[in-house]
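Okay, structure first, notes after.
We name chains A, B, ... by the order of the sequence lines, and we start the count at 1 in each one. The figures here come from the full heavy-atom set of this structure, side chains too, leaving out hydrogens, waters and symmetry mates.
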Amino acid sequence: MPELPEVETVRRGLAPALEGHTLSRVQMYRPNLRFPFPDGFGQRLTGKTVKSVERRAKFLLITLDDGTVLISHLGMSGSFRIYEADPPALDKHDHVVFQVSNGFEIRYNDPRRFGFMDLTTEAEMPDHPMLLKIGPEPVHPGLTGSELAERLKNKVAPIKAALLDQRVIAGIGNIYACEALFMAGISAKRKASTVQGGRADKLAAAIQEVLLKAIEAGGASLKDHRQTSGELGYFQHSFQVYGRAGEACSVCVPDVPISKMTQSGRSTFFCPRCQR
DNA sequence: CGGCAAACCTGCGAGC
DNA sequence: TGCTCGCAGGTTTGCC
């Protein structure tokens with residue numbers, strides 16, 4: 001499911017349901033997701049009170065009152081769902097269930113199990129291998145064009161690949177990389193190091209705009225993403241290029257259809273006329 | 001270091 | 001109806 005806007009949507013759903021409340025029971029229904037659960041996973045969380053629910057890149061960081069931090073990544077198909085009362089029967093992909101002292105039940109569902117959960121501490125969190133090399137957040141605080149240009153200047157890779165590289169900027173995935181490049185009028189194949197000056201300004205602005213609007217829309221629901229309430233996000237209706245191969249470009253309207261190509265194994269959707 | 005394919009896993013839609 | 005194929009929002013690893 002999730003790129004930055006979808007993970008942020010989940011964070012906003014989880015925070016009020018968890019912060020200030022105690023985890024009264026944590027149940028795993030299998031030994032692993034993408035990786036095995038760490039030793040004592042359930043015990044180390046049970047009885048602890050949640051201090052904060054934060055997001056870094058595509059990671060959720062749930063900090064407990066004893067300094068334990070639960071790191072959760074949703075992979076491609078992970079989702080959290082909050083039941084305030086009367087939870088339905090367990091789905092076959094409900095892998096972790098949290099009972100909260102406010103009476104809520106929070107379930108983590110992940111059909112493909114590319115997601116994972118790990119435990120660390122507040123002190124060690126910055127050095128966690130999954131978080132260590134991650135680049136700056138593109139929104140809050142805003143990414144400037146010069147900062148982006150600086151981070152791209154030595155990259156030989158195509159700009160699309162650079163945007164997907166979490167070490168360059170945090171949280172962008174395949175959909176928002178396509179959308180931001182379209183909005184900025186930049187070809188996905190352009191060498192990253194040549195995105196400088198005005199192009200970098202435009203791209204930085206496009207990244208922020210598309211991510212902020214997607215967050216406002218509750219993320220994009222293709223198949224898996226839902227808000228924690230179960231509601232769908234609706235940003236998928238605002239896609240300009242992603243998933244729209246063959247349709248008319250919304251900018252140069254008449255004759256040029258949106259195209260699709262493969263770059264490093266992932267689909268890139270683009271307008272061959274607007275993007276250079 | 002760079003870039004690409006494959007790997008992890010399940011589900012779904014398209015095509016036959 | 002049912003089977004096979006390709007594809008999917010992510011990330012790591014291993015091989016040129």
Side-chain angles (χ1 to χ4, degrees), chain A residues 1-11 29-37 55-60 71-80 91-95 108-118 128-135 138 151-181 188-194 207 210-211 214-215 217-227 232-246 260-269:
Chain A
M1 123 196 180
E3 302 184 36
L4 187 155
E6 290 74 33
V7 179
E8 178 61 23
T9 299
V10 171
R11 187 199 71 75
Y29 287 91
R30 49 177 302 123
N32 64 308
L33 294 170
R34 180 171 171 196
F35 308 119
F37 287 103
R55 178 193 57 74
R56 171 80 173 103
K58 300 169 191 171
F59 295 87
L60 289 165
I71 301 179
S72 169
H73 193 291
L74 305 175
M76 290 280 259
S77 60
S79 62
F80 280 95
D91 179 84
K92 82 194 243 205
H93 300 301
D94 283 339
H95 303 310
Y108 178 73
N109 183 287
D110 191 351
R112 294 177 72 181
R113 302 201 306 277
F114 287 173
F116 64 85
M117 292 187 191
D118 197 10
H128 190 279
M130 304 300 292
L131 300 175
L132 192 56
K133 293 179 179 169
I134 295 200
R151 302 190 70 81
L152 295 174
K153 74 173 185 200
N154 294 321
K155 294 270 162 203
V156 188
I159 184 65
K160 166 93 180 301
L163 291 181
L164 292 178
D165 185 343
Q166 300 296 297
R167 295 169 300 184
V168 177
I169 312 173
I172 299 174
N174 203 38
I175 292 176
Y176 297 103
C178 293
E179 294 296 318
L181 287 167
K189 286 193 272 199
R190 172 178 281 277
K191 197 199 277 190
S193 60
T194 69
I207 288 168
V210 73
L211 294 178
I215 292 168
S221 292
L222 293 189
K223 28 170 69 163
D224 296 306
H225 172 67
R226 300 246 169 176
Q227 305 190 40
L232 296 168
Y234 52 92
F235 195 72
Q236 65 279 12
H237 304 301
S238 300
F239 293 164
Q240 300 294 300
V241 287
Y242 186 85
R244 297 196 177 279
K260 179 182 175 178
M261 65 180 169
T262 299
Q263 283 182 292
S264 48
R266 325 253 348 235
S267 292
T268 298
F269 295 88

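For the OP1/OP2 pair of dT11(C) and a distance below 4.0 Å, the side-chain nitrogens and oxygens of Gln166(A) include at least one atom meeting the criterion. Contact annotation: Arg266(A) side-chain N/O to dG9(C) OP1/OP2 distance is under 4.0 Å. Phosphate proximity of dG10(C) to His73(A): absent, as no side-chain N or O sits under 4.0 Å from OP1 or OP2.
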- [ ] Going 5' to 3' through nucleotides 6-11 of chain B, assign each nucleotide B (protein heavy atom under 4.0 Å from a base atom), S (under 4.0 Å only from sugar-phosphate atoms) or - (no protein heavy atom that close).
- [x] --BBBB
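Paired with Asp165(A) under the rule side-chain contact (heavy atoms from CB on, under 4.5 Å), one option of Ile169(A), Leu163(A), Val168(A) passes, and it is Val168(A). With Leu74(A) as the partner, the side-chain contact (heavy atoms from CB on, under 4.5 Å) test is satisfied by one option alone out of Phe114(A), Phe116(A), Tyr108(A): Tyr108(A).
Spacing between dC3(C) and dC9(B) at atom P, rounded to whole Å, works out to 23 Å. Nucleotides dA6(B) and dG6(C) place their C1' atoms 16 Å apart, quoted to the nearest Å.
Listed nucleotides: dG2(B), dC7(C), dG10(C). Nearest to the side chain of Val156(A): dG2(B). The side chain of Ser267(A) approaches dA8(C) more closely than any other nucleotide in the set dG9(C), dT11(C), dA8(C).
Side-chain N/O atoms of His95(A) and Asn109(A) include no donor and acceptor closer than 3.5 Å. Using modelled atom types, one finds no donor on one side chain facing an acceptor on the other under 3.5 Å when comparing Asn32(A) with Arg34(A). If you check the side chains of Lys160(A) and Thr268(A), you find a donor sitting under 3.5 Å from an acceptor.
Nucleic acid contact for Tyr242(A): sugar-phosphate only, since backbone atoms but no base atoms lie under 4.0 Å from a heavy atom of the residue. Looking at heavy-atom distances under 4.0 Å, Lys155(A) makes no contact with the nucleic acid at all.
What separates CZ of Arg167(A) from P of dT12(C) is a distance of 9 Å, to the nearest Å. Distance, Lys189(A) NZ to dC4(B) P: 12 Å, rounded to whole Å. Note: CG (Asn154(A)) to P (dC1(B)) measures 12 Å, nearest angstrom. Put simply, NZ on Lys160(A) is 11 Å from P on dC4(B), counting in whole angstrom units. Put simply, NZ on Lys133(A) is 13 Å from C1' on dT13(C), counting in whole angstrom units. Rounded to whole Å, atom P of dG9(C) lies 10 Å from atom CZ of Phe239(A). A straight line from CG of Leu164(A) to C1' of dG10(C) spans 10 Å, rounded to a whole angstrom. The distance from atom CD of Gln263(A) to atom P of dA5(B) is 12 Å, rounded to the nearest whole Å.
Classified by interplanar angle (parallel below 30°, tilted 30° to 60°, perpendicular above 60°), the ring pair Phe59(A)/His73(A) is perpendicular.
Taking the salt bridge (charged side-chain N to carboxylate O under 4.0 Å, His left out) definition, one finds that Arg244(A) meets it with Glu247(A), sequence neighbours left out.
Under a 3.5 Å cut-off, the side chain of Glu3(A) and the backbone N or O of Gly171(A) do not form any donor-acceptor pair.
Within 6.0 Å of the OH atom in Tyr234(A), the count of heavy atoms belonging to other residues, nucleotides or ligands does not exceed 12.
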TODO: Return one dot-bracket line describing DNA chain C 5' to 3' (Watson-Crick or G-U wobble pairs, both distances under 3.5 Å; ( ) same strand, [ ] crossing, | another strand, . none).
DONE: .|||||||.|||||||
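Side chains of Arg112(A) and His93(A) form no contact here, defined as non-hydrogen atoms less than 4.5 Å apart.
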